[in-house]
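Down below is the structure, laid out as structure tokens.
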Amino acid sequence: MTGLLGPAEIRELAARLGVSPTKKLGQNFVHDPNTVRRIVAAAGLAPDDVALEVGPGLGSLTLGLLPAAAHVHAVEIDPVLAGALPETAARYAGPGATDRLTVHRADALRVTAADLADPAPTALVANLPYNVAVPVVLYLLAELPSLRSGLVMVQKEVADRLTAGPGSKVYGIPSVKLAWHAHARPAGKVPPNVFWPVPNVDSGLVAFTRREPPRDDVPRRRVFAVVDAAFAQRRKTLRAALAGWAGGADAAAAALTAAGVDPGARGEALTVEQFAAIAASAPVGTRAAG
């Protein structure tokens, strides 16, 4: 892998474009080639994989992905950065690299499967902006059935939440919702000094592999409504926390019992399969069954 951007190249490119990282867009640019190599290696891309990168910024990771994937879709909301990326790819990865790069000047939370077709992405590999990391991952997994795997870099605290299991203190809504779509695992820690500007937190790598939903007889939105309700009042028992969702505490207790879940349990103890079972057991005639 050659032609990666180091600190000097990053700053020179940013100066030439008149770009300064902004907190509003959650921009922290990777300037360490070894970190880029590590991310690409951890992603485990096959030669026929189509990579989807969100927030490519100045192109550090893009340059690492181009030799490893059959094609790269780069989704960038900043018009200046989006416009400069093809030139950066041609300059550092060679003119032929641009044939395998499609840049989308778009919001990753609004991009559609139709926007990213031909070829459809199979792997999400990205240094995600901290402020939108969880919604971006969940949205893309829901919107893009072609995604088979992913390797994302996020704030370490977010990485811990995404990969937590039942019973963990940080297990919560992101953990369960990602588990609906995929098997996830921590894939390492990344220090702050590989970024410009240097953030005041560590980052973490999260690897995931697509899985079939736990059940096919209940819609995702209904399961996620149960999850949201259960963790909105985390310290309450599920009988109490799901009362609003089910149309009353007794109705919640009935749904829980039918699902084989103790009404006195708390959400942090349940697997995604159990949340799905509760959603499937919603009493007929209640708001939960809608």
Side-chain angles (χ1 to χ4, degrees), residues 1-7 9-10 13 28-76 81-82 84-104 106 108 111 113 115-129 133 136-137 140-141 144-154 159 162 182-191 194-196 203-210:
M1 192 183 300
T2 59
L4 299 181
L5 301 177
E9 289 84 5
I10 285 286
L13 181 56
N28 294 91
F29 302 132
V30 178
H31 62 59
D32 177 53
N34 286 332
T35 299
V36 170
R37 294 185 185 97
R38 178 184 171 196
I39 291 171
V40 174
L45 297 174
D48 62 344
D49 266 319
V50 177
L52 170 60
E53 183 185 8
V54 172
L58 291 167
S60 300
L61 181 56
T62 313
L63 294 175
L65 290 171
L66 282 168
H71 196 88
V72 176
H73 288 283
V75 178
E76 175 57 64
L81 294 175
L85 192 56
E87 180 184 344
T88 300
R91 178 180 177 186
Y92 289 95
T98 58
D99 296 335
R100 294 181 290 104
L101 172 66
T102 304
V103 180
H104 306 264
V111 74
D115 296 330
L116 300 171
D118 194 28
T122 60
L124 173 63
V125 188
N127 168 28
L128 292 175
V136 163
V137 170
L140 292 175
L141 280 167
L144 304 174
S146 61
L147 282 179
R148 299 191 300 253
S149 64
L151 191 288
V152 295
M153 181 158 59
V154 298
L162 285 171
H183 295 290
R185 61 177 177 82
K189 189 167 71 172
V190 180
V194 304
F195 297 96
W196 173 63
S203 296
L205 298 175
V206 174
F208 62 83
T209 305
R210 171 83 73 172

**Report entry** Candidate list V136, V103, D115, L116, test side-chain contact (heavy atoms from CB on, under 4.5 Å), partner V75, passing option
**Finding:**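 Between V75 and the candidates, side-chain contact (heavy atoms from CB on, under 4.5 Å) is satisfied uniquely by L116.
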
Query raised in the report: Of the options V72, V40, L65, which is the one that meets V125 in a side-chain contact (heavy atoms from CB on, under 4.5 Å)?
Result: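 Per the side-chain contact (heavy atoms from CB on, under 4.5 Å) rule, the option paired with V125 is L65, out of V72, V40, L65.
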
Can you tell me how far apart [atom1] ([X]) and [atom2] ([Y]) are? Round to the nearest 0.5 Å.
X	Y	atom1	atom2	result
L52	H73	CG	NE2	7.5 Å
E53	L128	CD	CG	9.5 Å
F208	R148	CZ	CZ	12.0 Å
L5	I10	CG	CD1	4.5 Å

Counterpart residues, side chain to side chain donor-acceptor pair (under 3.5 Å), relative to [X] (two or more places apart):
X	value
D32	T35
T102	H71
H31	none

Requested in this report: Could you tell me whether the side chain of P121 reaches within less than 4.5 Å of the side chain of L147, counting heavy atoms only?
Outcome: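 Yes - at least one pair of side-chain heavy atoms lies under 4.5 Å apart.
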
Show the nearest heavy-atom pair for residues [X] and [Y], with the distance to one decimal.
X	Y	answer
V206	V154	CG2-CG2, 4.2 Å
V54	A108	CG1-CB, 3.6 Å
L45	A123	CD2-CB, 3.6 Å
D49	G44	OD2-O, 4.4 Å
A74	L101	CB-CD1, 4.2 Å
G57	E76	N-OE1, 2.9 Å

Requested in this report: For the pair L61 and M153, evaluate side chain to side chain contact (heavy atoms under 4.5 Å, CB included) and give the outcome as yes or no after the intermediate values.
Outcome: CA-CA 11 Å; L61 181 56; M153 181 158 59; over 6 Å; no

Between the side chain of [X] and the main-chain N/O of [Y], is any donor-acceptor distance below 3.5 Å?
X	Y	answer
R210	S146	no
E9	G6	yes
N28	N127	no

Requested in this report: Please say whether more than 12 non-hydrogen atoms of neighbouring residues, nucleotides or ligands are located less than 6.0 Å from CG in N34.
Outcome: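 Yes, because the 6.0 Å sphere around CG of N34 holds more than 12 heavy atoms from other groups.
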
Requested in this report: Just do the side chain to side chain contact (heavy atoms under 4.5 Å, CB included) check on F29 and L13 with the steps written out, would you?
Outcome: CA-CA 12 Å; F29 302 132; L13 181 56; over 6 Å; no

Query - V30 vs V36, side chain to side chain contact (heavy atoms under 4.5 Å, CB included): CA-CA, chis, key distance, verdict - result: CA-CA 8 Å; V30 178; V36 170; 4.0 Å; yes

